[in-house]
Protein chains: 2
Amino acid sequence: MTIDILNEERSNLRADARRNRDRILQIAIQHFASHGIGASLEDIARAAGVGAGTLYRHFPSREALLAAALQDQQAQLLARSKQACAIANADAALQAWLEALQDYLRTFNGLPAPVLAAVKERASPLALSCETLVSITSDFLARAQNEGHARTSVTANELFLSALGIAWVLDRIDAYGTTRQALEDVFAHGYLDLSPKPPKQ
Amino acid sequence: MTIDILNEERSNLRADARRNRDRILQIAIQHFASHGIGASLEDIARAAGVGAGTLYRHFPSREALLAAALQDQQAQLLARSKQACAIANADAALQAWLEALQDYLRTFNGLPAPVLAAVKERASPLALSCETLVSITSDFLARAQNEGHARTSVTANELFLSALGIAWVLDRIDAYGTTRQALEDVFAHGYLDLSPKPPKQ
DNA sequence: CAGAAAACGGAGGCATTTTCCATTTCTCTT
DNA sequence: AAGAGAAATGGAAAATGCCTCCGTTTTCTG
């Protein structure tokens, strides 16, 4: 149920290795934040004062580095999921969770892409956390289907994937109109409204 | 109203230039189809039997080449929009159009990304066709809002962006469950269903 | 057919990822 | 406290891909 992949605690790294690892991670977070997830790994290595080889030994792939850089945000996301659990109204709880998820996906520019990739690639360092996210989504969805108004034909996977899709669009469109709220609205209610009696015809 | 950017007809290209341009384009379509929009431009040039310089002279950027490679599909898309226009039911017409749009966006793997980029970048070679697509979407949406059941709070832009988001997800998830139909369903109806009386509470 | 203009192509500059290994640094034992 | 061996380092280099530049070749025109 935990989202952590590697706790910092007791690890048998040599002192210099640990120092370098931490340094790289800290710099990576800064670079991902300012240049998006595509930030140059060479730049990160240089800024951290280590050789490229060192970076790669600690984080064999961009995704591995990304996964490590996301741990704090993931912890925050988990905290928000706990808060959302406490919301009495099931629909509101689901909505709160989806909003938290959107915020998380905004941590770094371009994050939705590797997260989506991780959904299907078991091997990805982000995969574990992805499964957790889908599973949490599933919990909120199930509750909203039972107690609230969530459509019963929707699955947690679809919900999660849709959230990714929206996050991806918003990631790249930004201030294009009043888009964020609007898109989340389409997401929630669809573009068709079959509820009241047809306005015409 | 046309989607064409450069008609093949009378162009004052020298014979060898036209030959090369056509050749490059033909090969590019094949490569984009098999390797996605990220296909190596060097490979395309080599396969077309021309130097990299020649490719770049004819198509200054990947997007320009992509735009040219998409012309046939765009023509097909326009044709489908005409067909959809003929559908009596406004909702069904909108749905048919959105489906055609999805198919178009599946032409090459990864297409949604440059299309989304083109939505905001006036300069992009894909921008013109993008505007056309949004405008067509707008027509179908307006009709479905008047005659059918499309929610009046939704705009064509939001609809188009949502379609891009879905296409992007499906592009990378492919056979992940029964996803396609399901996602389009969430898109159409949302994940909440407020229509009938609340099932509980 | 010859000269001018147009087009060609591929070498080379640049950026980036990733590997490899000779050297350096740490740690643990004695 | 010293030194052997394991661990970690860093940066050179290979691989890939984008894109430009310019000496050479092809086409067109009169």
Side-chain angles (χ1 to χ4, degrees), chain A residues 6 8 10-28 31-32 34-69 108-110 113-114 117 121 123-126, chain B residues 6 8 10-28 30-32 34-69 108-110 113-114 117 121 123-125:
Chain A
L6 250 187
E8 329 233 7
R10 278 302 84 203
S11 64
N12 2 350
L13 284 180
R14 229 169 64 175
D16 55 343
R18 155 142 310 283
R19 214 181 311 125
N20 279 330
R21 188 185 185 282
D22 291 349
R23 194 92 203 293
I24 291 168
L25 201 44
Q26 170 200 337
I27 300 286
H31 279 235
F32 284 146
S34 52
H35 301 112
I37 58 149
S40 159
L41 298 186
E42 246 185 351
D43 282 356
I44 292 174
R46 187 173 322 122
V50 304
T54 301
L55 186 151
Y56 278 92
R57 191 167 336 94
H58 286 295
F59 307 99
S61 67
R62 180 181 295 279
E63 291 220 325
L65 180 54
L66 194 53
F108 302 134
N109 279 341
E121 303 231 355
S124 162
L126 287 168
Chain B
L6 251 185
E8 329 232 8
R10 277 304 83 202
S11 65
N12 0 350
L13 282 180
R14 228 169 65 174
D16 55 343
R18 157 143 308 285
R19 214 182 312 127
N20 279 329
R21 187 184 187 283
D22 291 348
R23 194 91 203 293
I24 292 169
L25 201 44
Q26 171 201 335
I27 300 288
Q30 288 173 16
H31 279 235
F32 284 147
S34 52
H35 302 111
I37 58 150
S40 158
L41 298 187
E42 253 185 347
D43 281 356
I44 292 174
R46 187 172 321 117
V50 304
T54 300
L55 186 152
Y56 279 93
R57 192 167 332 97
H58 286 296
F59 307 99
S61 68
R62 178 182 297 277
E63 292 221 324
L65 180 55
L66 193 53
F108 301 134
N109 279 341
E121 301 230 356
S124 163

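Within every chain, numbering begins at 1; the chains are lettered A, B, ... in the order of the sequence lines, protein sequences first and strands thereafter.
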Whole angstroms only, please: what is the [atom1]-[atom2] distance between [X] and [N]?
X	N	atom1	atom2	value
B/Arg62	D/dC19	CZ	P	7 Å
A/Glu63	C/dT17	CD	P	14 Å
B/Asp22	C/dA7	CG	C1'	15 Å
B/Leu41	C/dG10	CG	C1'	16 Å
A/Phe59	D/dT9	CZ	P	11 Å
A/Arg57	C/dT18	CZ	C1'	13 Å
B/Asp16	C/dG9	CG	P	9 Å
A/Arg14	C/dT27	CZ	C1'	8 Å

*Using a heavy-atom cut-off of under 4.0 Å over every strand shown, decide if B/Ala52 touches base, sugar-phosphate, or nothing.*
base
_For a quick check of understanding: with a heavy-atom distance under 4.0 Å over all strands, which category does B/Gly49 fall into, base, sugar-phosphate or nothing?_
sugar-phosphate
So do [Y] and [X] actually touch side chain to side chain, heavy atoms under 4.5 Å?
X	Y	value
A/Ile37	A/Arg62	no
A/Thr54	A/His58	yes
B/Leu41	B/Phe59	no

[X] side-chain N/O to [N] phosphate OP1/OP2 under 4.0 Å:
X	N	value
B/Arg46	C/dG10	no
A/Asn20	D/dT9	yes
A/His58	D/dA8	no
A/Ser40	C/dT17	yes

_Least distance between heavy atoms, B/Ala28 atom then B/Leu65 atom_ = CB-CD1, 3.7 Å
*Does a side-chain N-to-carboxylate-O contact under 4.0 Å join B/Asp16 and B/Arg19?*
no
_If you assign each of A/Thr54 and B/Glu42 to its closest nucleotide in DNA chain C, which residue comes earlier from the 5' end?_
B/Glu42
*Taking only the side-chain heavy atoms of A/Tyr56 (C-beta and beyond), determine which of C/dT17, C/dC26, D/dT27 contains the nearest atom.*
C/dT17
